[in-house]
Number of protein chains: 2
Amino acid sequence: MRADAQKNYDHLLTVARGLVKEQGADASLRDVARSAGVGLGTLYRHFPTREALLEALLRQGFDELAAKAGDLATASTPGEALVAWLRDLVACANDYRGAIASMVAAIEDEGSALHTSCVTMKAAGTRLLVRAQAEGEARSDLDGADLFALVGALAWVGDQPALAPRADHLFDIIASAILAAPAPKRPSRARR
Amino acid sequence: MRADAQKNYDHLLTVARGLVKEQGADASLRDVARSAGVGLGTLYRHFPTREALLEALLRQGFDELAAKAGDLATASTPGEALVAWLRDLVACANDYRGAIASMVAAIEDEGSALHTSCVTMKAAGTRLLVRAQAEGEARSDLDGADLFALVGALAWVGDQPALAPRADHLFDIIASAILAAPAPKRPSRARR
DNA sequence: ACCTGAACACCGTTCAAGT
DNA sequence: ACCTGAACACCGTTCAAGT
């Protein structure tokens with residue numbers, strides 16, 4: 001890459017990070033180019049789609065999550081490892097409001113710039129889930145897709161200003177549901 | 001209301017229902033007016049905001065939910081009543097993809113045309129929750145706001161094409177978490 | 001009273017023209 | 001190679017002018 005192009009790329013990313021953190025994943029691309037002092041075509045040259053830009057922004061967090069998944073696979077108990085990793089994944093998605101919808105859609109869209117990253121995340125989560133299930137620490141009626149959907153749901157809650165204050169509490173509730181054994185069809189009254 | 005105005009109102013609502021069902025709550029308002037064969041100003045006259053249009057579309061479902069909440073308060077067991085009502089509320093939100101975000105935001109926005117409806121829904125859900133809690137059929141560490149947030153999360157899952165197939169399963173999992181007693185801080189291993 | 005549609009200020013996306 | 005910005009086809013929203 002030519003030196004001037006590299007400089008544009010880096011600067012665009014910095015500016016985009018600020019704007020997307022403020023205004024969410026649907027921030028105006030025109031604004032990004034304008035704030036970076038660069039032509040619209042330059043933005044499109046470096047990031048041909050909005051997903052490509054989002055992918056670049058999420059890159060660092062994704063890499064850290066991948067590394068952490070590896071560490072957790074040997075450290076701590078399987079159930080704790082799973083929950084700790086899920087918490088980080090949700091936090092990563094919440095860095096950019098609205099990004100979670102693109103991440104979720106990318107799982108099934110091979111053409112998306114986010115596809116590979118998100119499939120990798122889903123696979124890492126699935127491994128942690130399977131290990132916890134093998135040890136009897138996670139309920140058995142869940143698979144990787146269910147887990148990713150729950151992450152999506154929790155990230156969405158964190159993205160809504162009116163719900164965000166409840167996000168941590170709901171995370172704990174759903175985490176405990178993941179760790180618990182599946183409930184019987186009809187809730188049993190307390191023993192008497 | 002003048003007869004011609006009433007006719008426009010009704011026709012706009014019919015057309016909007018179709019378009020919003022197809023394209024989601026962010027369907028183009030221009031398209032709605034165009035498809036209804038009416039000037040843009042006429043749409044804005046009858047529905048000054050997108051929320052006002054959404055409110056009119058959700059009206060029927062909301063009314064049915066309110067009635068059902070009353071019925072359920074005396075019929076069936078408190079836990080079953082709560083879960084059945086939540087299922088219907090999620091289904092109602094899923095009628096119009098993307099509507100749930102507006103509903104959730106409306107709770108705290110007194111200026112929103114959806115405010116009253118959504119506060120009413122939240123209050124009805126809270127009553128069903130409190131009754132179930134009083135009978136020991138719902139966990140005690142939840143309040144109405146938590147419940148509404150969980151409904152939002154589940155409705156969001158149902159709105160995502162990639163996740164919708166999992167929506168029913170996740171509903172059951174979260175429903176059983178609502179009905180269960182809160183888990184201890186650390187998940188206890190199975191008795192041995 | 002009610003309706004219309006032009007006008008304004010924005011978008012996303014593409015692409016010919018420049019360096 | 002890379003950059004620019006005009007051009008196109010869309011938005012949401014307002015409001016003067018019509019009936």
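Within every chain, numbering begins at 1; the chains are lettered A, B, ... in the order of the sequence lines, protein sequences first and strands thereafter. For clarity, every value in this text was computed on a predicted model and none was experimentally measured.
For dC2(C), the OP1/OP2 oxygens have no side-chain nitrogen or oxygen of T42(B) closer than 4.0 Å. Put simply, S28(B) has no side-chain N or O that comes within less than 4.0 Å of OP1 or OP2 on dC10(D). Under 4.0 angstrom from either OP1 or OP2 of dC2(C) there lies no side-chain N or O belonging to N8(B).
Here the P atom of nucleotide dT13(D) and the NE2 atom of H46(B) are 17 Å apart, to the nearest Å. R34(B) has its CZ atom 12 Å from the C1' atom of dG12(D), to the nearest Å. A straight line from CZ of R45(B) to P of dA1(C) spans 10 Å, rounded to a whole angstrom. In this structure, D26(A) places its CG atom 13 Å from P of dT13(C), rounding to the nearest Å. Taking atom NZ on K7(B) and atom C1' on dC3(C), their separation rounds to 13 Å, with Å as the unit. If you take CG of L29(B) and P of dC11(D), they are 10 Å apart, rounded to a whole angstrom. Residue L43(A) contributes atom CG, which lies 10 Å from atom P of dT13(C) at whole-angstrom precision. Between the P atom of dT13(C) and the CZ atom of F47(A) lies a distance of 15 Å, rounded to the nearest Å.
Comparing dT14(C), dC11(C), dC11(D) by their nearest atom to the side chain of L40(A) picks out dT14(C). Minimum atom distance to the side chain of D31(A) is reached by dC11(C), of the listed dC11(C), dC2(C), dG12(C). Set against dC11(C), dT13(C), dC2(D), the side chain of Y44(A) has dT13(C) as its closest nucleotide. Among the nucleotides dC3(C), dG12(D), dT4(D), the one closest to the side chain of V38(A) is dT4(D).
Taking the six-membered ring where tryptophan is involved, the planes of W156(A) and W156(B) are essentially parallel, since the angle between them stays under 30° and well short of 60°.
Salt-bridge annotation for R131(A) and E135(A): absent, with no side-chain N of the basic residue lying under 4.0 Å from a carboxylate O of the acidic one. Ion pairing between a basic and an acidic side chain is recognised when a charged N comes within 4.0 Å of a carboxylate O; D31(A) and R34(A) show such pairing.
Put simply, the side chain of R50(B) and the base of dG12(D) share no donor and acceptor less than 3.5 Å apart.
Residues R166(B) and Q160(B) have side chains not in contact (no heavy-atom distance under 4.5 Å, counting atoms from C-beta outward).
Heavy atoms of A33(A) sit nowhere under 4.0 angstrom from any nucleic acid atom.
For the pair R30(A) and G37(A), nearest-nucleotide mapping onto DNA chain D gives the more 5' position to G37(A). The residue among G41(B) and R2(B) whose nearest nucleotide of DNA chain C lies closer to the 5′ end is R2(B).
For the pair E51(B) and S112(B), the tightest heavy-atom approach, listed with the atom from each and the gap, is CG-OG, 3.7 Å.
More than 12 heavy atoms of other residues, nucleotides or ligands lie within 6.0 Å of CD in Q6(A), so this atom counts as buried by the packing criterion.
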5'-to-3' dot-bracket of DNA chain C (Watson-Crick, G-U; under 3.5 angstrom; crossing pairs as [ ]; | other strand): ||.|||||...|||||.||
